[in-house]
Protein chains: 2
Amino acid sequence: MVYMKNCEDLAFPQEIKKTKQREEIFRILSEETEPVSAVDIYNRLAQTCGNSNFAISTVYRALGIFEEKGYVSKSTLMGGDMAYYEWNYGTHKHYAICLKCHKLIALKKCPFEHMKIETENDNFMITGHKLELYGYCKECRIEDEDI
Amino acid sequence: MVYMKNCEDLAFPQEIKKTKQREEIFRILSEETEPVSAVDIYNRLAQTCGNSNFAISTVYRALGIFEEKGYVSKSTLMGGDMAYYEWNYGTHKHYAICLKCHKLIALKKCPFEHMKIETENDNFMITGHKLELYGYCKECRIEDEDI
DNA sequence: GTCTGTGCAAAACTTTTGCACGGCA
DNA sequence: TGCCGTGCAAAAGTTTTGCACAGAC
């Protein structure tokens with residue numbers, strides 16, 4: 001995990017070789033406040049750089065490197081079949097996902113920060129976790145009073 | 001969510017039409033104590049019933065129905081690209097996943113049972129959640145002292 | 001007959017891989 | 001030269017879909 005003092009410190013990681021493509025992918029990830037899929041990134045590249053010389057495999061490969069070095073975290077939202085990627089700003093984030101409109105709402109803080117969790121035999125060393133909440137956002141509850 | 005008093009109550013759900021294929025899929029799910037993939041189920045069907053007349057699409061369709069009615073929960077473990085399915089015994093389960101040997105270890109209880117979680121605008125109605133823990137199990141820590 | 005579930009094959013979709021080329025030290 | 005990243009196409013793997021048929025009511 002890479003820790004930074006604040007968002008202004010955000011820069012392309014030194015340990016990863018810079019290329020035009022990786023810089024663009026980094027820019028998109030760093031501008032984004034929500035997890036994005038590889039295809040999202042690819043489409044956004046097509047918009048900004050013309051539908052020119054970017055390959056989807058380049059996106060996957062760059063994301064793979066970023067993830068391997070701990071700069072990006074990968075997750076599968078809503079048990080879906082596509083992976084979403086998000087730049088790691090030191091502290092991780094969790095989301096609540098509206099079951100109706102699929103909007104993501106960030107949690108104020110990680111509920112596990114100071115929590116002790118017991119596994120079956122109490123002999124598991126926990127190093128990380130993933131959490132997703134499901135439910136209904138304010139707007140969807142107002143629209144549909146059954147909820 | 002379907003609540004049952006205990007495991008002996010476990011029976012094929014009345015609201016779903018019984019077929020030979022669905023009963024077999026149900027049996028495999030109910031015998032299994034860990035999440036299984038559609039392909040796992042398919043292979044186990046091939047073993048028990050001969051490699052005869054079962055189609056993988058039948059497995060997916062049955063799982064889809066079970067999930068839709070709330071009897072089965074689907075998840076993607078370890079950010080992988082395959083979905084795993086598990087029969088819902090009323091109370092849900094969480095797992096700790098060993099990053100080395102990939103073994104699953106069940107949590108003693110859900111850490112969210114009585115927890116209040118705040119979202120950004122405090123206007124989200126939480127109805128469910130998914131949690132995965134990562135780390136190292138006892139055996140893998142002993143084998144590899146670096147951990 | 002009607003309805004629903006199924007097997008089979010094909011398609012769709014996400015992700016990975018092989019390979020040749022291009023840029024750069 | 002050697003190395004690494006890339007584009008392109010093809011492949012792999014998971015999941016879905018179309019269609020005709022079989023079985024139940």
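Naming: A, B, ... by sequence-line order, numbering from 1 per chain.
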Consider the side chain of A:Ala83, meaning its heavy atoms from C-beta on, and name the nucleotide among C:dT6, D:dG5, C:dT15 that approaches it most closely. C:dT15

Side chain of B:Met82, heavy atoms from C-beta onward: which of D:dC4, D:dT14, C:dT15 has the nearest atom to it? D:dT14

salt_bridge(A:Glu31, A:Arg27) N-O dist < 4.0 Å: yes

Rounded to whole Å, OH of B:Tyr84 lies from P of D:dG13 at a distance of 14 Å

Salt-bridged, A:Glu24 to A:Arg44, with N to O below 4.0 Å? no

Among B:Ile25, B:Ile65, B:Leu29, B:Asn88, which residue satisfies the side chain to side chain contact (heavy atoms under 4.5 Å, CB included) criterion with B:Val72? B:Leu29

In terms of side-chain heavy atoms of B:Ser57, which of D:dC4, C:dT15, D:dT16 is nearest? D:dT16

B:Glu23 CD - D:dG23 P separation (whole Å): 17 Å

Residue A:Gln21, side-chain heavy atoms: nucleotide from C:dT15, D:dT6, D:dC4 that is nearest: D:dT6

A:His129/B:Glu132 under side chain to side chain contact (heavy atoms under 4.5 Å, CB included): CA gap, chis, key distance, verdict: CA-CA 5 Å; A:His129 63 265; B:Glu132 284 174 29; over 6 Å; no

Interatomic distance, B:Phe54 CZ vs C:dG5 P [rounded to whole Å]: 15 Å

Could you state the atom-to-atom distance from CD1 of B:Ile56 to C1' of C:dA10 in whole Å? 15 Å

Centres of the B:Phe66 and B:Tyr71 rings: under 6.0 Å? no

Contacts to DNA chain D from residues 59-66 of chain A, heavy-atom cutoff under 4.0 Å, which residues? A:Arg61

My understanding is that only residues two or more places apart in sequence, or in another chain, count here; which of them pass side chain to side chain donor-acceptor pair (under 3.5 Å) with A:Glu86? A:Tyr95

On DNA chain C, compare the nucleotides closest to A:Lys17 and A:Ala38; which residue's is nearer the 5' end? A:Ala38

A:Lys74 atom NZ is separated from C:dT14 atom P, nearest whole Å, by 14 Å

Has the side chain of A:Thr19 got a donor or acceptor that lies under 3.5 Å from a partner of the other kind on the base of D:dC4? no

Return the value, rounded to whole Å, for the distance between atom CG of A:Asn43 and atom P of C:dC13. 13 Å

To the nearest Å, give me how far apart OH (B:Tyr42) and P (D:dT14) are. 13 Å

B:Arg22 side chain reached by B:Ile16 side chain, heavy atoms, under 4.5 Å: yes

Looking for any heavy atom pair under 4.0 Å, which part of the strands does A:Ser37 touch: base, sugar-phosphate only, or nothing? nothing

Rounded to whole Å, please give me the gap between NZ in B:Lys18 and C1' in C:dT6. 19 Å

